Number of protein chains: 2
Amino acid sequence: MNVRTLCLGVLSFGEATGYEIKKEIEEGPISHFIEASFGSIYPALTQLLGEGLLTVRAEEQTGRPDKKVYAITEAGRQALARALSVVPARDKYKSEFLFQMLFQQYLAPSVVLASIDKQLADLRADLAHIATCRLGELPQGSCFAADYGQAVLTAAVAFLEEKRAEVLARPHIAAAE
Amino acid sequence: MNVRTLCLGVLSFGEATGYEIKKEIEEGPISHFIEASFGSIYPALTQLLGEGLLTVRAEEQTGRPDKKVYAITEAGRQALARALSVVPARDKYKSEFLFQMLFQQYLAPSVVLASIDKQLADLRADLAHIATCRLGELPQGSCFAADYGQAVLTAAVAFLEEKRAEVLARPHIAAAE
DNA sequence: TGATGCATGTAATCCGTTACATGATTCA
DNA sequence: TGAATCATGTAACGGATTACATGCATCA
């Protein structure tokens with residue numbers, strides 16, 4: 001799955017500018033399993049347009065670049081359907097946190113604790129973000145993704161809270177902050 | 001975190017060849033949150049060696065290239081410690097599966113079901129893999145990572161099993177296989 | 001006054017994967 | 001016989017990020 005398909009997907013829910021697509025990706029309920037930067041979105045949009053999978057409409061604005069509102073075409077929908085019919089690649093999960101924890105025993109307990117706390121904060125922020133998204137009505141698919149995220153993140157939080165207590169309970173903690 | 005640090009980390013547990021490092025990464029308990037290919041490992045090792053962070057010892061073999069057994073040096077341990085002291089980047093999670101599920105309502109129920117089943121199979125395979133790793137004794141850090149993975153994967157499986165039943169319970173399923 | 005949001009785009013750069021090259025041994 | 005395992009390495013390619021360039025409006 002690439003940025004092209006991603007743009008097609010977002011646009012299938014309604015027209016939008018590149019800027020709005022980026023916003024949707026990082027602020028919508030899909031932010032926890034998808035990423036994309038302007039540097040990839042804008043070229044993808046131009047490309048898609050050239051292939052007739054999108055149309056544009058320029059909205060004049062004063063004091064800033066004209067908005068380019070993109071909309072998906074019938075050919076675009078077909079391309080999306082085709083991309084969606086491909087068996088999805090396996091999920092990818094990368095965690096520097098867990099990598100760091102691999103060396104727990106060589107790290108100062110205060111460092112371990114700080115890292116766990118940071119991870120907990122990140123997880124809780126994601127959870128809060130999903131909760132915020134839920135304030136509005138979510139379409140079925142987004143709801144599924146939100147629920148999935150919530151289930152997984154909640155489990156991670158519960159696990160870490162337990163581990164945190166264990167680290168705290170270990171002797172030699174006195175140390176620095 | 002890059003492949004360099006990863007190699008340093010694996011080597012901190014004992015000497016190994018590039019081939020063995022790769023194996024450790026894809027077969028060890030860390031496989032679910034780390035990835036690296038030969039194309040990145042071998043050059044990293046050469047580079048690290050040039051910087052004095054590793055040493056090599058060649059083991060002669062007949063019928064195949066000599067083994068190059070790498071060991072971490074004191075400078076290497078320091079470099080690792082330095083890399084480990086940097087606040088880890090946020091976890092990254094990418095899911096084509098969830099992306100596909102976003103369009104659930106436009107997909108045939110049989111496709112949705114097939115995808116959920118594939119995802120379930122992947123998750124269960126990861127879980128089984130962790131269980132296998134646990135057959136041996138795991139060092140503290142690896143155990144932490146394995147536990148974390150297990151907690152999260154288990155939650156995902158439970159969630160999907162529930163959703164799967166819901167999809168199945170929906171009317172109009174009769175359709176194709 | 002200075003950060004943040006709106007709005008688009010390009011270019012340099014990075015980091016890594018995939019494919020290729022080589023080749024013996026062992027297992028099914 | 002053909003696939004998998006062991007073992008190292010290079011080169012091409014890709015896909016995306018980061019930084020840069022521009023600039024007004026708004027809010028604190």
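Fair warning: this is a prediction, and the values are worked out from it, not measured in the lab. Proteins come first, then strands; the chains are lettered A, B, ... in the order of their sequence lines, and each starts at number 1.
Distance NZ (K68(B)) to C1' (dA7(D)): 11 Å, rounded to an integer number of Å. If you take CD of E96(A) and P of dC15(C), they are 12 Å apart, rounded to a whole angstrom. Separating the CD1 atom of I34(B) from the C1' atom of dG16(C) is a distance of 15 Å, rounded to the nearest angstrom. Rounded to an integer number of Å, the gap from E59(B) CD to dC6(D) P is 15 Å. Look at CD on E24(A): it is 14 Å from P on dC6(C), rounded to the nearest Å. The OH atom of Y70(A) sits 10 Å away from the C1' atom of dG9(C) (whole-angstrom rounding). Spacing between atom CG of L48(A) and atom C1' of dG9(C) amounts to 17 Å, rounded to whole angstrom units. With rounding to whole Å, L45(B) atom CG is found 14 Å from dA7(D) atom P.
Candidate nucleotides dT5(D), dA16(D), dT17(D) were compared by shortest atom distance to the side chain of Y19(B), and dT5(D) ranks first.
Of the two residues near DNA chain D, E20(B) and P43(B), the one whose nearest nucleotide lies more 5' is E20(B). Comparing D66(B) and F38(A) along DNA chain D, the residue whose closest nucleotide (by nearest heavy atom) sits nearer the 5' end is D66(B).
A sub-4.0 Å separation between OP1 or OP2 of dC6(D) and a side-chain N or O of K23(B) is present. For Y42(B), a side-chain nitrogen or oxygen approaches OP1 or OP2 of dT8(D) to under 4.0 Å. Contact annotation: S40(B) side-chain N/O to dT17(C) OP1/OP2 distance is under 4.0 Å. The side chain of K22(B) places no N or O atom within less than 4.0 Å of a non-bridging phosphate oxygen (OP1 or OP2) of dT8(D). Between T17(A) and dT8(C) there is a side-chain polar atom (N or O) within less than 4.0 angstrom of OP1 or OP2. Checking the phosphate oxygens (OP1, OP2) of dT18(C), no side-chain nitrogen or oxygen of S37(B) falls inside 4.0 Å.
The ring of F144(B) has its center no closer than 6.0 angstrom to the ring center of F103(A).
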Before you tell me yes or no, could you show the steps for L153(B) and I130(B) under side chain to side chain contact (heavy atoms under 4.5 Å, CB included), namely the whole-Å CA-CA distance, both residues' side-chain angles and the distance that decides it to 0.1 Å? CA-CA 10 Å; L153(B) 293 168; I130(B) 291 178; 3.9 Å; yes
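Residue contacts shown for G39(B) include a base, since a base heavy atom lies under 4.0 Å away.
Under the side chain to side chain donor-acceptor pair (under 3.5 Å) criterion, the residue pairs touching residues 32-53 of chain A are R4(A)-E51(A), with sequence neighbours excluded.
Aromatic ring pairs are classed by plane angle as parallel below 30°, tilted from 30° to 60° and perpendicular above 60°; the pair Y148(B) and Y93(A) is parallel.
The cationic atom of K67(B) (NZ for Lys, CZ for Arg) does not lie both less than 6.0 Å from the six-membered ring centre of Y19(B) and within 45° of the ring axis.
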